[in-house]
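These notes are about the structure you will find just below.
In what follows, every heavy atom counts, from backbone to side chain, and hydrogens, waters and symmetry copies are set aside. Convention: sequence-line order gives letters A, B, ...; per-chain numbering from 1. Only a predicted model underlies this, so the values are computations on that prediction, with no experimental measurement involved.
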Amino acid sequence: MKKKIIDIDQVRYIAHLARLDLSPQEEEKFTHQLERILSYVEKLQELDTKDIPPTSHVLAVNNVFREDELSFSLSSQEALSNAPSRKDSYFKVPKIVG
Amino acid sequence: MKEYKIYIGLEVHVELSTQSKLFCGCKTKFGAAPNTQTCPVCLGLPGVLPVINRKAVEYTIITALALNSRINKNCRFARKNYYYPDLPKNYQISQYEEPLASGGWVEIKANGKTKKIGIERIHLEEDAGKLIHGEIKEDKDFSFVDYNRAGIPLMEIVSRPEINSPEEAYEYLVNLRQIVRYLGVSDCNMEEGSLRCDANISLGEENRMGTKTELKNMNSFKEIREGLRAEIKRQYELLSRGEKVIQETRVWDPKKKKTFSMRGKEEAHDYRYFPEPDLPPLFIDKSWVERLKAIIPELPQERFNRFIHQYGLPEYDAGVLTESKDIADYFEECVKFFPKPKMVSNWVMGDFMRLVKKEDMTKIKISPASTADLLSEVEKGTLSTTMAKEVMEEMFKTGKGASQIIEERGLKQISDEESLDKVADEVVKENPKAVKDWQKGKSQAIKFLVGQLMRKTKGKANPQLANKLIEKKLKNLSG
């Protein structure tokens with residue numbers, strides 16, 4: 001059998017980085033699905049890209065700037081209107097320092 | 001006992017003083033009410049696109065040029081992915097493999113010699129929001145976020161680990177801050193967080209660094225020096241006991257004067273950088289760099305040297321005057337109106353700087369021309385030094401010109417020999433005891449008599465002339 005591209009530990013690690021809570025069943029399921037996706041994409045490895053510079057942007061544009069000018073800002077009420085939790089004019093989040 | 005070589009590298013973050021944020025038009029003003037300077041872009045709401053502030057890029061290039069760095073013609077932004085509530089998008093737009101500039105150096109004095117501290121890289125990124133912990137009592141289990149700071153342009157200057165003592169680190173920071181302030185690209189105010197610094201420290205051998213720790217939470221240059229000393233001591237003691245230094249992030253506790261491990265409170269760093277798809281790359285061509293080069297002002301070191309040669313000032317004066325660009329500019333303007341550099345220097349370093357300390361230089365009401373006026377009054381003898389100090393204080397308060405204040409307050413020094421002669425006569429007559437003392441050889445008595453004369457004239461008599469006249473009277477009486 002072909003060597004696996006991804007294992008369950010990697011899936012757990014990535015889930016942790018993305019702050020996803022996966023059940024053991026989901027971990028299995030996603031490992032399997034990711035393996036299939038990655039094997040499919042692996043086909044690209046067959047191409048020789050030795051002399052091709054990496055592409056990060058497909059359009060040949062650069063230096064798109066704005067001038068240092070002020071535009072509108074939201075009021076704190078508007079800024080907080082989607083916040084799941086707030087206190088006065090602050091976003092309220094679980095305590096992050098001991 | 002084994003000798004170790006100290007290796008320190010500093011990461012300095014400087015908030016650039018642009019009006020608007022790096023990728024949107026929100027204000028960057030410090031101290032605004034929480035969450036009043038945000039918009040869909042800096043809050044990371046779905047569907048928005050960042051657009052780069054040209055000035056922030058130019059400020060970074062200017063700084064890089066002043067620090068002798070190489071501007072990278074092709075550079076781009078990258079996403080640094082991590083979850084922390086100070087980042088509304090869960091990634092920070094930063095730079096990774098292609099920063100704006102690489103290399104360069106900051107000169108410092110170490111053991112009386114000039115030493116170049118190498119710079120690794122200079123890049124541009126967006127600042128994160130501000131987290132508040134434990135300040136609201138009934139909400140001890142929560143943190144609070146203000147996103148006003150999120151998206152303010154932040155320039156990161158990373159030194160090479162070529163700093164070999166806490167003192168060198170201090171000097172590096174002082175010189176770097178001075179250059180950045182001269183360039184006018186940031187006010188570098190640590191209290192307001194517009195300059196922040198983390199340090200990497202290790203103890204190693206001559207050509208080999210040891211295991212490093214990263215040190216955070218130092219809130220002034222002095223704390224950085226103290227924190228480094230404490231961390232070096234800690235590592236030294238570990239190594240001396242045959243133990244190992246663990247690579248970790250530590251925080252400086254300014255009250256306990258110790259560093260503490262952040263272990264357990266920190267995630268393993270895996271930022272999964274990738275090129276920012278929402279921002280096209282930058283192409284910084286020669287002509288743009290040349291245009292920016294042309295607007296770089298004279299830098300502190302050059303100006304220091306020029307002050308010594310052009311004005312014949314002692315090194316000490318040149319150092320004090322060129323510490324800040326505003327003071328140096330002020331001094332040079334004054335000298336244009338009153339071309340006696342050393343006298344101007346004495347005034348600017350003395351009373352002027354004492355008064356400026358309490359006030360922001362930009363709010364100074366006293367123009368260089370009026371300082372020059374004041375000095376020429378002193379020079380002419382119209383004003384005594386003491387009176388001039390008073391006048392200067394009034395000038396600071398009111399912004400009135402020197403001559404107007406002298407007029408209004410009747411401060412003119414009496415240098416008219418005839419009228420002072422009369423007062424001297426009176427003083428001698430009214431104080432026979434002092435006269436006798438003088439005749440008995442108590443030379444101090446003359447001071448008392450001059451003092452009496454100054455009292456009678458409300459301090460307005462020209463002191464040299466007063467002294468001369470009293471002495472003459474005494475000699476006449478005894479002769």
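Contact tally against chain A (heavy-atom pairs below 4.5 Å) for B/A33, B/C26, B/P34, B/P275: the top residue is B/P34. Contacts with chain A were tallied for B/T38, B/V57, B/L282, B/T36; B/T38 has the most, counting heavy-atom pairs under 4.5 Å.
Using non-hydrogen atoms only and a strict 4.5 Å limit, the part of residues 66-78 of chain A facing chain B consists of A/R66, A/E67, A/D68, A/E69, A/L70, A/S71, A/F72, A/S73, A/L74, A/S75, A/S76.
Between atom CD of residue B/E97 and atom OG of residue A/S56 there is a gap of 10.0 Å, rounded to the nearest 0.5 Å. A distance of 10.0 Å separates CD1 in B/I284 from CG in A/N62, rounded to the nearest 0.5 Å. In this structure, CG on B/L279 lies 10.0 Å from CZ on A/F65, to the nearest 0.5 angstrom. Taking CG from B/D285 and CG from A/N63, the interatomic distance works out to 8.0 Å, rounded to the nearest 0.5 Å. Considering CZ of A/R86 and CG of B/N35, their distance stands at 9.5 Å, rounded to 0.5 Å. Note: A/L17 CG to B/N90 CG = 12.0 Å, rounded to the nearest 0.5 Å.
Looking at B/F23, only its backbone comes within 4.5 Å of chain A, counting heavy atoms on both sides. Only the side chain of B/L43 has a heavy atom closer than 4.5 Å to any heavy atom of chain A. Neither the backbone nor the side chain of B/C42 comes within contact range of chain A; no heavy atom of the residue lies under 4.5 Å from a heavy atom of that chain. Proximity to chain A is limited to the side chain of B/P85, based on heavy atoms less than 4.5 angstrom apart. Proximity to chain A is absent for every atom of B/V41, based on heavy atoms less than 4.5 angstrom apart.
Shown here is B/K27, whose NZ atom has no more than 12 heavy atoms of other residues, nucleotides or ligands within 6.0 Å. Enclosure of atom CG in A/D21 is not indicated, since only 12 or fewer non-hydrogen atoms of other residues, nucleotides or ligands lie within 6.0 angstrom. A 6.0 Å sphere centred on NZ of B/K130 holds no more than 12 heavy atoms belonging to other residues, nucleotides or ligands. Crowding of B/Y96 atom OH: a count of heavy atoms from other residues, nucleotides or ligands under 6.0 Å not exceeding 12. Taking a 6.0 Å sphere around CZ of B/R272, one finds it holds more than 12 heavy atoms contributed by other residues, nucleotides or ligands. Around the NZ atom of B/K55, the shell of radius 6.0 Å holds no more than 12 heavy atoms that belong to other residues, nucleotides or ligands.
Looking at B/V145, B/L131, B/I132 one by one, the single match for side-chain contact (heavy atoms from CB on, under 4.5 Å) with A/Y90 turns out to be B/I132.
Take B/F260 and apply the ring pair (Phe, Tyr, Trp, His ring centres under 6.0 Å) test, not counting sequence neighbours, and it matches no residue. Considering only residues two or more places apart in sequence or on other chains, B/E192 meets the side-chain hydrogen bond (donor to acceptor under 3.5 Å, both in side chains) condition with none of them. In terms of the side-chain hydrogen bond (donor to acceptor under 3.5 Å, both in side chains) criterion, B/Q95 has no residue partners (sequence neighbours excluded).
When all heavy atoms are compared, the tightest approach of B/P281 to A/V61 is CD-O, 3.6 Å.
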Given A/K87 and B/F144, is the side chain to side chain contact (heavy atoms under 4.5 Å, CB included) satisfied, shown in steps? CA-CA 8 Å; A/K87 165 94 185 177; B/F144 301 90; 3.4 Å; yes
